[in-house]
Amino acid sequence: MEKKQALNKVGYALHWWHPIFKKHTFSQKVKDLMKTLQYKDPVVVQSMLIFKKPKIGEIVRPHQDSTFLYSEPPTCIGLWFPLEDATLENGCLWYVPGSHKGDPVYQRFVRNEGEGPRLVMEGKLPEFSDEEYVPVPAKKVIVF
């Protein structure tokens, strides 16, 4: 296998250091989206490239991004910008309509004050049948 195929993630803060990512991250389109979602003074705290190559790495299990972007009160949101077309053939995002309603964060990492790992998972994601999932193909939005 080529090393390039095995690459999983690149950097954090691409939104600040890479001119193309900076242009898209701070674009008027993103500002308008955040305003529509009622964010008054949004701050970008993280950005990264995640590579999802076939037959590389682990299966991405169903999850909520809020599991990893948790805050009290809920103030964090994750935005995904596809760098190539995400299709049914190459593994686009799938979701369960309405699963974000109600108590929106089913599970999250919490600090472990005892022995063992520093963070432990609290809560449980509900079980959904395969038939409930809907694919979300998406066109790339950032062009290099």
Side-chain angles (χ1 to χ4, degrees), residues 1 3-18 20-22 24-27 29-144:
M1 169 191 339
K3 288 181 183 180
K4 190 165 99 173
Q5 293 295 319
L7 186 62
N8 179 263
K9 291 180 185 170
V10 172
Y12 294 87
L14 293 170
H15 64 281
W16 196 250
W17 299 109
H18 193 284
I20 294 173
F21 283 93
K22 189 172 192 173
H24 286 279
T25 302
F26 298 102
S27 70
K29 192 173 184 177
V30 171
K31 289 176 184 178
D32 291 344
L33 171 64
M34 298 311 293
K35 196 176 293 182
T36 299
L37 296 172
Q38 300 180 347
Y39 282 82
K40 293 180 180 27
D41 190 20
V43 176
V44 179
V45 297
Q46 175 183 334
S47 59
M48 70 179 109
L49 288 173
I50 301 175
F51 299 93
K52 309 253 180 176
K53 296 292 184 183
K55 301 178 185 174
I56 302 290
E58 298 177 3
I59 293 172
V60 178
R61 296 187 321 228
H63 67 279
Q64 296 172 292
D65 286 351
S66 298
T67 298
F68 311 101
L69 299 171
Y70 186 82
S71 65
E72 288 183 22
T75 57
C76 294
I77 188 170
L79 301 178
W80 171 59
F81 302 108
L83 303 181
E84 58 184 42
D85 292 348
T87 65
L88 287 171
E89 294 75 29
N90 70 8
C92 66
L93 174 74
W94 290 67
Y95 81 107
V96 175
S99 61
H100 65 291
K101 295 180 180 174
D103 186 2
V105 182
Y106 296 110
Q107 59 185 171
R108 66 185 181 98
F109 283 110
V110 295
R111 284 194 179 97
N112 180 11
E113 303 298 334
E115 298 288 319
R118 295 176 71 184
L119 293 175
V120 293
M121 187 65 72
E122 182 179 87
K124 185 175 185 321
L125 195 64
E127 296 286 328
F128 296 107
S129 70
D130 289 347
E131 293 76 31
E132 293 178 86
Y133 285 88
V134 175
V136 187
K139 295 285 186 188
K140 64 182 174 184
V141 296
I142 297 179
V143 180
F144 288 91

Problem set entry | Note: Glu72-Arg108 ion pair, threshold 4.0 Å (strictly below) |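 Between Arg108 and Glu72 there is a salt bridge, with a charged N closer than 4.0 Å to a carboxylate O.
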Exercise. Can a salt bridge be assigned to the pair Lys139 and Asp85 using a cut-off of 4.0 Å between side-chain N and carboxylate O?
Worked result: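 Between Asp85 and Lys139 there is a salt bridge, with a charged N closer than 4.0 Å to a carboxylate O.
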For the residue pair [X] and [Y], what are the closest heavy atoms and their distance?
| X | Y | answer |
| --- | --- | --- |
| Tyr70 | Val105 | CD1-CG1, 3.7 Å |
| Met121 | Gln107 | CG-NE2, 3.7 Å |
| Ala138 | Pro82 | CB-CG, 4.0 Å |
| Leu125 | Pro62 | CD2-O, 3.3 Å |
| Met34 | Pro42 | CB-CG, 4.0 Å |

Side chains of [X] and [Y]: does their closest heavy-atom pair fall under 4.5 Å?
| X | Y | value |
| --- | --- | --- |
| Val120 | Val110 | yes |
| Pro137 | Thr87 | no |
| Val96 | Glu132 | yes |
| Val141 | His24 | no |
| Ser66 | Tyr106 | no |
| Phe81 | Val30 | yes |
| Leu79 | Leu33 | yes |
| Trp94 | Leu88 | yes |

For this session: Start with the C-alpha gap between Ser99 and Phe128, add the side-chain angles, then the distance that decides, and say whether side chain to side chain contact (heavy atoms under 4.5 Å, CB included) holds.
Result: CA-CA 9 Å; Ser99 61; Phe128 296 107; 3.8 Å; yes
For this session: Ignoring hydrogens and angles, state whether a donor on the side chain of His15 or Thr25 is under 3.5 Å from an acceptor on the partner side chain.
Result: no
From [atom1] ([X]) to [atom2] ([Y]), nearest 0.5 Å:
| X | Y | atom1 | atom2 | answer |
| --- | --- | --- | --- | --- |
| Gln46 | Tyr12 | CD | OH | 6.0 Å |
| Glu122 | Arg111 | CD | CZ | 13.0 Å |
| Phe26 | Trp16 | CZ | CH2 | 5.5 Å |
| Leu93 | Trp80 | CG | CH2 | 6.0 Å |

Exercise. Any sub-3.5 Å donor-acceptor pair from Asn112's side-chain atoms to Pro117's backbone N or O?
Worked result: yes
Exercise. Could Lys22 and Trp17 be counted as a cation-pi pair, given that NZ or CZ must be under 6.0 Å from the ring centre and within 45° of the axis?
Worked result: no
